[in-house]
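Below: one structure, written as structure tokens.
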Protein chains: 2
Amino acid sequence: MEIRGVAMGVQGEARYRQVAADLREAITTGRYGSGGRLPAEGDLALRYGVSRGTVRQALAVLRADGMVTSRRGTRRVVLGAARTQSFAELLSFTRWARSIGEEPGGRTVTVEPAPGDPGECAQLGLEPGSSVYRVLRLRTLSRVPVMIERTVYPERIGALVRGFPIDAVSHTEPLEELGVLFTDADHTIDQWPADAEDARLLGCPPGTSLLRERRRTTDPTGVPVEWSQDRYLPGTVAFTVHNSVATTALSRRRG
Amino acid sequence: MEIRGVAMGVQGEARYRQVAADLREAITTGRYGSGGRLPAEGDLALRYGVSRGTVRQALAVLRADGMVTSRRGTRRVVLGAARTQSFAELLSFTRWARSIGEEPGGRTVTVEPAPGDPGECAQLGLEPGSSVYRVLRLRTLSRVPVMIERTVYPERIGALVRGFPIDAVSHTEPLEELGVLFTDADHTIDQWPADAEDARLLGCPPGTSLLRERRRTTDPTGVPVEWSQDRYLPGTVAFTVHNSVATTALSRRRG
DNA sequence: GTGCCGGAGTTGGCTGTACAACTTGGTCCA
DNA sequence: TGGACCAAGTTGTACAGCCAACTCCGGCAC
């Protein structure tokens with residue numbers, strides 16, 4: 001802290017994010033205790049040398065992460081350390097694996113250009129029959145297969161992916177370096193039986209129920225950049241979500 | 001609209017929520033088109049007769065719902081209609097079922113007071129061995145069994161639930177009427193094989209892989225009010241989440 | 001003891017202002 | 001033709017202030 005008045009640029013990071021990060025750290029290390037009370041917004045403003053509005057912006061971040069509650073009339077209550085990950089860790093199997101201290105692996109099984117089927121084109125916002133690339137990959141943790149990843153890319157992006165080495169661990173990271181932006185994603189989580197291909201690659205009996213995550217990712221202009229279907233072996237992964245009356249990004253659908 | 005200057009109370013609803021609701025409706029009915037651009041914040045402020053700050057508050061709601069993107073330097077882009085539900089619809093099977101036009105049903109199988117096991121007490125923030133109530137219910141859609149709900153309540157709340165009729169459709173709603181507040185929830189989604197009890201009640205073979213949602217719900221003071229484990233028959237439900245670089249409530253964990 | 005009431009403390013909501021950072025499209029020049 | 005550059009438009013960040021709504025606790029009356 002103590003960067004007061006430097007008008008950004010020092011860290012390139014907004015003041016409210018610095019405050020949020022500092023508070024997050026304080027909460028994670030238990031400085032306020034679980035179930036404890038946070039100082040009043042005004043006190044925090046004084047302490048950090050910012051306005052109350054900036055403190056409120058910082059607290060809104062922690063609120064969305066489920067680290068604190070808030071209610072009119074009384075001080076904020078600490079709920080506990082956040083269990084949420086960054087957007088990047090959620091998007092990229094590779095980053096996620098690294099963040100939990102595992103060794104991620106990836107082997108590209110097939111990359112095929114093809115006319116997209118109606119469903120794929122709809123998900124990618126393309127005209128029916130447009131060219132797409134279908135990529136099938138086997139993902140491993142510490143060399144053990146855990147997931148099958150079937151991703152469909154629009155032609156523009158698939159052409160880039162095609163050039164990646166077959167044993168490239170990450171596709172997301174090189175794409176980002178090439179200027180492809182991922183900013184929003186919709187996830188659907190359910191279960192699905194393993195087909196013959198899944199069974200062969202994952203080493204499980206056909207028909208085994210797999211945890212399935214389907215994901216559509218868009219760039220900041222709303223243009224879809226990938227449509228992916230990931231199938232995890234049972235017991236290898238779980239998804240967690242926090243929501244509250246203040247913010248809800250989760251919903252339940254008919255299967 | 002046109003409530004300008006009435007200092008709340010008229011609808012009891014905050015101005016920014018009214019603006020958000022109006023914009024949501026406009027987007028849902030396609031007034032701006034998918035991929036279209038929203039008017040500038042300043043224009044919206046003029047149109048609704050509020051300050052730009054209030055408009056930004058409204059837009060933050062839509063941002064979190066995944067309906068619009070936002071980026072410095074250019075107007076907001078419409079992503080599409082939201083698929084998210086209210087917090088209440090997510091918490092309550094009954095409300096969810098009604099919101100999708102199905103007929104919810106519930107039958108209480110057992111309600112037993114018992115000393116909580118260490119895991120249960122930890123989840124509920126109680127001393128090990130504290131008294132809890134375990135409630136087992138079978139939930140149906142249009143009279144077809146779809147889910148087994150095992151909920152653990154702290155004694156104070158369990159005592160209330162105990163008094164509910166055995167065929168009560170909802171437990172959440174009467175609890176709310178009795179003043180129990182639900183404000184924050186952590187969800188974990190994975191799969192789990194049906195045990196003998198699941199199999200008998202759901203009418204599936206033992207060992208069938210079920211979609212499992214575990215949920216811990218707290219009140220505004222951070223005190224846990226329920227710890228629930230719901231097991232859904234395959235194909236009856238899917239969970240969807242939206243997240244973005246701006247807000248992430250989702251994470252992936254080792255299973 | 002019990003319950004009502006009021007006041008201090010705190011967060012929610014809203015306004016207004018100012019500037020920074022960024023996108024976009026067009027102009028101008030080489 | 002192509003590229004650099006500029007200007008207008010737009011969102012992000014931050015500040016300051018005001019009042020409403022609500023919680024909580026302690027004092028007071030009964």
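Each chain gets a letter, A, B and so on, in the order the sequences are listed, and its residues count up from 1. Given the structure is predicted, the values throughout are model-derived calculations rather than measurements.
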Any protein N or O atoms within reach of nucleotides 23-26 of chain C? Criterion: under 3.5 Å, listing atom names and distances.
| from | atom 1 | to | atom 2 | distance (Å) |
| --- | --- | --- | --- | --- |
| C:dT23 | O4' | B:G73 | O | 3.4 |
| C:dT24 | OP1 | B:R71 | NH2 | 3.4 |

Polar atom pairs (N or O), protein with nucleotides 2-6 of chain C, under 3.5 Å:
none

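One can place CD of B:Q18 at 12 Å from P of C:dG13, the figure rounded to the nearest angstrom. Rounded to whole angstrom, the span from the CZ atom of A:R17 across to the C1' atom of D:dT13 amounts to 11 Å. With rounding to whole Å, A:Q57 atom CD is found 6 Å from D:dT13 atom C1'. Separating the CG atom of B:D219 from the C1' atom of D:dT23 is a distance of 14 Å, rounded to the nearest angstrom. Remark: C1' of D:dG12 and CZ of B:R63 are 13 Å apart, rounded to the nearest angstrom. As a whole-Å value, the separation of A:D43 CG from C:dT11 P is 8 Å. What separates CG of B:L38 from P of D:dT11 is a distance of 8 Å, to the nearest Å. What separates CG of B:L59 from C1' of D:dT11 is a distance of 10 Å, to the nearest Å.
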For residues 124-133 of chain B, run the donor-acceptor check on the side chains, cut-off 3.5 Å, and write out each pair with its distance to 0.1 Å, sequence neighbours left out.
| from | atom 1 | to | atom 2 | distance (Å) |
| --- | --- | --- | --- | --- |
| B:S130 | OG | B:E127 | N | 3.3 |
| B:S130 | OG | B:E127 | O | 2.5 |
| B:Y133 | OH | B:R162 | NH1 | 3.3 |

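Proximity of a side-chain donor or acceptor of B:R95 to a complementary backbone N or O of B:L90 within less than 3.5 Å is not detected.
Contact annotation: B:R75 side-chain N/O to D:dT11 OP1/OP2 distance is not under 4.0 Å. When the side-chain nitrogen and oxygen atoms of B:T54 are compared with OP1 and OP2 of C:dT15, one or more of them lie within a distance under 4.0 Å. Within the structure, every side-chain polar atom (N or O) of B:R56 is placed at least 4.0 Å from both OP1 and OP2 of C:dT15.
With sequence neighbours left out, the side chain to side chain contact (heavy atoms under 4.5 Å, CB included) criterion links A:Q57 to A:Y16. Applying the side chain to side chain contact (heavy atoms under 4.5 Å, CB included) criterion to B:T28, with sequence neighbours excluded, gives B:R24, B:M67, B:A81. B:P174 is linked by a side chain to side chain contact (heavy atoms under 4.5 Å, CB included) to B:F164, B:S170, counting only residues two or more places apart in sequence or in another chain. Under the side chain to side chain contact (heavy atoms under 4.5 Å, CB included) criterion, A:R71 pairs with A:T74, B:P220, B:T221, sequence neighbours left out. Under the rule for a side-chain hydrogen bond (donor to acceptor under 3.5 Å, both in side chains), B:R31 has no partner lying at least two apart in sequence or in another chain.
Residues A:E41 and B:G53 each lie close to DNA chain C; by heavy-atom proximity, the contact nearer the 5' end of the strand is made by A:E41.
The side chain to side chain donor-acceptor pair (under 3.5 Å) contacts involving residues 78-88 of chain A comprise A:R83-B:D186, where partners must be two or more places apart or lie in separate chains.
For B:V50, taking side-chain heavy atoms from C-beta onward, the closest of the listed nucleotides C:dT15, D:dG12, D:dT10 is C:dT15.
Between the side chain of B:R52 and the base of D:dG12 there is at least one donor-acceptor pair of N/O atoms closer than 3.5 Å.
Two residues are said to be in side-chain contact when any heavy atoms from C-beta on lie closer than 4.5 Å; B:H171 and B:R137 meet this criterion.
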